[in-house]
Amino acid sequence: MPDETISVIDNRTGRRYEIPIRDGAIGAADLQKITTDGPAAGLMSYDPAFLNTAACRSAITFIDGDKGILRYRGYPIEQLAENATFLEVAWLLRHGELPDQKQYDQFVHDITYHTYVHENFRKFLEGFRYDAHPMAMLNSSIAGLASFYPSARNIFDENERNISIIRLLAKTPTIAAFSYRHVKGLPFVYPDNRLSYVENFLSMIARMSESKYEANPTFARALEILFILHADHEQNASTNAVRSVGSSHVDPFSAVSAGVAALFGPLHGGANEQVLRMITEIGNVKNVPKFIEGVKSGEGGRLMGFGHRVYKSYDPRAKIVKRLADDVFKVVGVDKDLEIALELERIALSDDYFTSRKLYPNVDFYTGLIYRSMAFPTDFFTVLFAIARMAGWLAQWEEMLLDKEQKIARPRQLYIGPAERPYRSKLKNSVS
Ligand code: CMC
């Protein structure tokens, strides 16, 4: 069939090759058969930062970046955000279908049952400085969990995978909240298993002497929605890190800690923190035009919370977050920085620099304002992202593991260093 192959003529040799097209892609390995008669190996594709390379087949998340569409397992993100719970979504991401009542109840029970962490974790967390960044603490703590569950290394045993996934989903909010309390110098609050996933997290963050914590329902629902919006986003930098590290067949705790590390970066999950810092630095609506000029000239850094590798229109999550911000600000009163954010957005959306590059607000643009209005400290924002993304990392990790086409992720390179040369020491007392 003509539309299932592409014909390539190598102008170096005049040879013609038929390369199969499958699901709209050619296999990079098929290029290897394009060779010259010289010593050079077969043709490679060069794609730093994976601009146009699919690294896997995945049935989990669908994004259409031009149309601004995001679906988990076929369900539109807008419908899930409106109607689902985070744990329902976590189940959906992993299993491909929504849970029925029995499956859901069992799942919620299992997660609730595993929220406690080993007491040694107290000492572990107490070892961090008072001003440690919570993402640094989360990263090393998640990796540290591997030392508590050595049998998790049996990754091809379904029961082991299952319990590791439950443990990670259950314990990440506990570790995150303990890190928060450590920085604040407050006693750790143990999980309250009478509460829902999100309420329990808020309780571990905010509870003081009250016998039972009651979360503000608007905050609890807002956080649940934000967790749903952040739960997965196909092959982003942190998911790619999880898949890549997981492809070595290491245990899942080690694999997802690589995801936490990647998420920490300001170009990825760390952007929500940077948006708030940027807004604070701008300080006043009247300074917005000058700031935008600085971004355009390249002297003022990037407009954080804008732009996306895949979305070339408004990020559908950002639309939902903007509406959510209105709900939260009705409870806490309008945030003066919201005015700056709205002005930044207004100017950027009408400025040729941003429109010609298809730079629109992404999910991180408004989330920071919501988190801050709930009194979360700025450096904790990315931790909230990580709690949610854990669901996606785990679903993607398991999909990678069970995918017969996957092997250890090992990219090729184009070597551009020196050719062979003899060793001549530059040290004073060299023996040569
Ligand atoms: N502000 C100003 N200019 C920008 C921005 C921005 N936020 N983003 C991209 N550009 C410009 C960039 O300078 C380049 O211009 P030119 O063609 O003149 O050199 C052009 O747009 C293309 O940029 P790129 O760096 O090639 O695009 P990318 O796909 O590699 O980067 C991105 C995507 C998200 C890293 C980038 O847009 C960015 O740095 N945004 C700010 C950080 C941010 O908000 N990150 C959160 C992403 S969404 C949530 C998540 O993944 O965690």
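Atoms within each ligand, like the ligands themselves, are counted from 1 in listed order. When reading the values below, keep in mind they use all heavy atoms of this one structure, side chains included, and skip hydrogens, waters and symmetry mates.
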Got a donor-acceptor contact below 3.5 angstrom from the [X] side chain to the [Y] backbone?
X      : Y      : value
Asn139 : Val260 : no
Asn362 : His308 : no
Glu88  : Thr85  : yes

Starting from [atom], what is the nearest protein heavy atom, named by residue and atom, and what distance separates them?
atom                    : result
atom 21 (O) of ligand 1 : Arg357 CD, 3.4 Å
atom 41 (C) of ligand 1 : Phe306 O, 3.4 Å
atom 45 (N) of ligand 1 : Leu267 O, 3.0 Å
atom 52 (O) of ligand 1 : His268 ND1, 2.7 Å
atom 30 (O) of ligand 1 : Arg309 NH2, 2.9 Å
atom 32 (C) of ligand 1 : Arg302 NH1, 4.4 Å
atom 49 (C) of ligand 1 : Asp364 OD2, 3.2 Å
atom 4 (C) of ligand 1  : Leu359 CD1, 3.4 Å

Identify which of Thr382, Val310, Val295 has a heavy atom lying nearest to atom 2 (C) of ligand 1.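 That would be Val295.
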Would you call Arg161 and Glu158 a salt bridge, taking side-chain N to carboxylate O under 4.0 Å as the test?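 No salt bridge links Arg161 with Glu158.
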Do NZ/NE/NH1/NH2 and the carboxylate oxygens of Arg243 and Glu399 come within less than 4.0 Å?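 Salt bridge present between Arg243 and Glu399.
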Give the atom numbers and elements of ligand 1 that come within less than 4.0 Å of a heavy atom of [X].
X      : value
Gly307 : 34 (C), 37 (O)
Ala271 : 43 (C), 44 (O), 45 (N), 46 (C)
Gly305 : 43 (C), 44 (O)
Leu303 : 1 (N), 2 (C), 6 (C), 7 (N)
Tyr353 : 2 (C), 3 (N), 11 (C), 13 (O)

Close side-chain approach of [X] and [Y], heavy atoms under 4.5 Å:
X      : Y      : value
Glu97  : Trp91  : no
Leu359 : Leu303 : no
Arg22  : Glu4   : no

Rounded to the nearest 0.5 Å, how far apart are CG of Leu344 and CD1 of Ile340?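 Here the interatomic distance stands at 7.5 Å.
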Out of curiosity, Glu273 CD to Thr367 OG1, how far, rounded to the nearest 0.5 Å?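 If we round to the nearest 0.5 Å, Glu273:CD and Thr367:OG1 are 11.5 Å apart.
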Test your reading of the structure: does [X] have an N or O sitting under 3.5 Å from an N or O of ligand 1?
X      : answer
Gly269 : yes
Leu263 : no
Val363 : no

Atom of His182, atom of Met137 and distance for their closest heavy-atom approach: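 Result for this residue pair: CD2-SD, 3.9 Å.
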Closest approach of Met400 and Gly246, non-hydrogen atoms and distance?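 Minimum heavy-atom separation between Met400 and Gly246: CE-C, 3.5 Å.
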Among the heavy atoms of Asn236, does any lie under 4.0 Å from an atom of ligand 1?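 Under 4.0 Å: no for Asn236.
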Does ligand 1 have an atom that lies less than 4.0 angstrom from a heavy atom of Phe385?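 Yes, Phe385 has heavy atoms under 4.0 Å from ligand 1.
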Would you say atom 15 (O) of ligand 1 makes contact with the protein, given that contact here means a non-hydrogen protein atom less than 4.0 Å away?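 Yes, at least one protein heavy atom sits under 4.0 Å from atom 15 (O) of ligand 1.
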Verify the contact flag for atom 26 (O) of ligand 1, where contact means a protein heavy atom under 4.0 Å away.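 For atom 26 (O) of ligand 1 the answer is no, since every protein heavy atom stays at 4.0 Å or beyond.
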Applying a 4.0 Å heavy-atom criterion (strictly less than), which segment of [X] is in contact with ligand 1: side chain, backbone, both, or neither?
X      : value
His233 : neither
Asp315 : neither
Asn362 : side chain

CZ (Phe50) with more than 12 external heavy atoms under 6.0 Å: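 12 or below, so no.
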Both conditions, 6.0 Å and 45 degrees, for the charged tip of Arg122 above the ring of Phe124: are they met here?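 No, cation not above the ring by the 6.0 Å, 45° rule.
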